[in-house]
Novice: 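The structure under discussion is supplied below as structure tokens; questions concerning it will follow.
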Amino acid sequence: MTTYLTRLGTGFDVHAFTEGDHVWLGGIKIPADRGVLAHSDGDVALHALTDALLGAIADGDIGTHFPPSDEQWRGASSDRFLAHACDLVRARGGRIDHLDITVLAEAPRIGAHREAIRARIAEIAGVPLTSVSIKATTTEKLGFVGRAEGLAAQAAATVRLPEIDIDSAAETSERRS
């Protein structure tokens with residue numbers, strides 16, 4: 001019988017606004033007065049969630065796996081980043097239990113898009129819709145978000161990974177010595 005350890009990872013991402021007519025949030029294209037300045041599609045929700053999953057398995061961050069210095073990621077769809085992180089969790093025998101995101105923005109408002117975002121994230125991650133939560137808040141006109149200079153997202157991911165049998169690992173290590 002496999003014993004699992006619960007792991008929690010967190011992530012944060014921010015992008016400045018620039019010229020444009022939409023933003024990507026949670027894999028959904030949302031009409032907006034401006035776009036975001038980013039190397040990829042600039043989806044702060046998926047970037048933060050990718051980092052949260054990578055953190056839960058202690059495997060670096062989004063820049064480690066998809067360096068902005070690598071031109072192949074210019075304009076890339078962030079669903080590829082999230083799918084990669086989910087694949088890494090599963091490759092380790094892990095299970096994704098819950099994905100939770102908070103978007104910090106004065107605009108655009110996400111209320112009308114909330115269920116589409118949840119459904120898209122659940123689809124990319126291969127988890128039930130009930131395992132995805134998305135919330136939004138403003139910063140009460142404070143800071144760069146309050147001044148409408150950009151938007152941000154923070155995320156948490158709860159995963160279960162198989163517990164390593166410490167006695168077996170120690171025996172294997174001793175045999176190698």
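No hydrogens, no waters, no symmetry mates; every other heavy atom, side chains included, goes into these values. Predicted, not measured: the structure shown is a model, and the values here were computed from it.
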Novice: How long is the gap from CG on D97 to CG on L8, to the nearest 0.5 Å?
Specialist: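 If I round to the nearest 0.5 Å, the distance is 11.0 Å.
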
Novice: Mind running side chain to side chain contact (heavy atoms under 4.5 Å, CB included) on V36 and F17 for me, showing each step along the way?
Specialist: CA-CA 4 Å; V36 296; F17 285 126; 4.1 Å; yes

Novice: Please list every donor-acceptor pair under 3.5 Å in which a side-chain atom of residues 102-112 meets a protein atom from a residue at least two apart or in another chain.
Specialist:
from	atom 1	to	atom 2	distance (Å)
T102	OG1	K135	NZ	3.3
E106	OE2	T139	N	3.3
E106	OE2	K141	N	3.4

Novice: Per the ring pair (Phe, Tyr, Trp, His ring centres under 6.0 Å) rule, what does the pair list look like for residues 110-154, sequence neighbours excluded?
Specialist: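 Not a single pair qualifies under ring pair (Phe, Tyr, Trp, His ring centres under 6.0 Å).
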
Novice: Output, in order, the C-alpha distance, side-chain angles, deciding distance and verdict of side chain to side chain contact (heavy atoms under 4.5 Å, CB included) for L46 and I121.
Specialist: CA-CA 8 Å; L46 294 189; I121 291 170; 3.8 Å; yes

Novice: With sequence neighbours left out, write down each residue that passes side-chain hydrogen bond (donor to acceptor under 3.5 Å, both in side chains) with R114, or none if nothing qualifies.
Specialist: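 For R114, no residue satisfies side-chain hydrogen bond (donor to acceptor under 3.5 Å, both in side chains) once neighbours in sequence are set aside.
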
Novice: Given the rule that I, L, V, M, F, W and Y join up when any side-chain heavy atoms are under 4.5 Å apart, are V14 and I62 in one cluster?
Specialist: no

Novice: Verify the distance criterion only: is there a donor paired with an acceptor across the side chains of S78 and H47 at less than 3.5 Å?
Specialist: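 Yes, side-chain donor-acceptor contact under 3.5 Å.
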
Novice: So, D43 side chain and G27 main chain: donor-acceptor pair closer than 3.5 Å or not?
Specialist: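 Indeed, once roles are kept as given, a pair shorter than 3.5 Å links the two residues.
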
Novice: Name all pairs fulfilling the salt bridge (charged side-chain N to carboxylate O under 4.0 Å, His left out) condition that reach into residues 7-36, sequence neighbours left out, sorted by first residue then second.
Specialist: none

Novice: Donor-acceptor pairs are to be reported for all side-chain atoms of residues 65-77 against protein atoms at under 3.5 Å, with residues two or more places apart or in another chain.
Specialist:
from	atom 1	to	atom 2	distance (Å)
H65	ND1	H84	NE2	3.1
H65	NE2	D59	O	2.9
D70	OD1	Q72	N	3.0
D70	OD2	Q72	NE2	2.9
E71	OE1	R74	NE	2.8
E71	OE2	R74	NH2	3.3
S77	OG	D79	OD1	2.5

Novice: Report the distance from atom CG of D61 to atom CG of L54, rounding to the nearest 0.5 Å.
Specialist: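 Between D61 CG and L54 CG, I get 7.5 Å after rounding to 0.5 Å.
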
Novice: Check R90 against V127 and note the closest heavy-atom contact, atom names and distance.
Specialist: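 That would be NH2-CG1, 4.0 Å.
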
Novice: Does H39 have any ring pair (Phe, Tyr, Trp, His ring centres under 6.0 Å) partners at least two apart in sequence or in another chain, and if so, which?
Specialist: none

Novice: Could you go through L25 and L151, starting from their C-alpha distance and side-chain angles, then the distance that decides it, and tell me whether this counts as side chain to side chain contact (heavy atoms under 4.5 Å, CB included)?
Specialist: CA-CA 10 Å; L25 280 174; L151 73 165; 3.9 Å; yes

Novice: Do F81 and V44 share a hydrophobic cluster, counting only Ile, Leu, Val, Met, Phe, Trp and Tyr and linking them when any side-chain heavy atoms are less than 4.5 Å apart?
Specialist: no

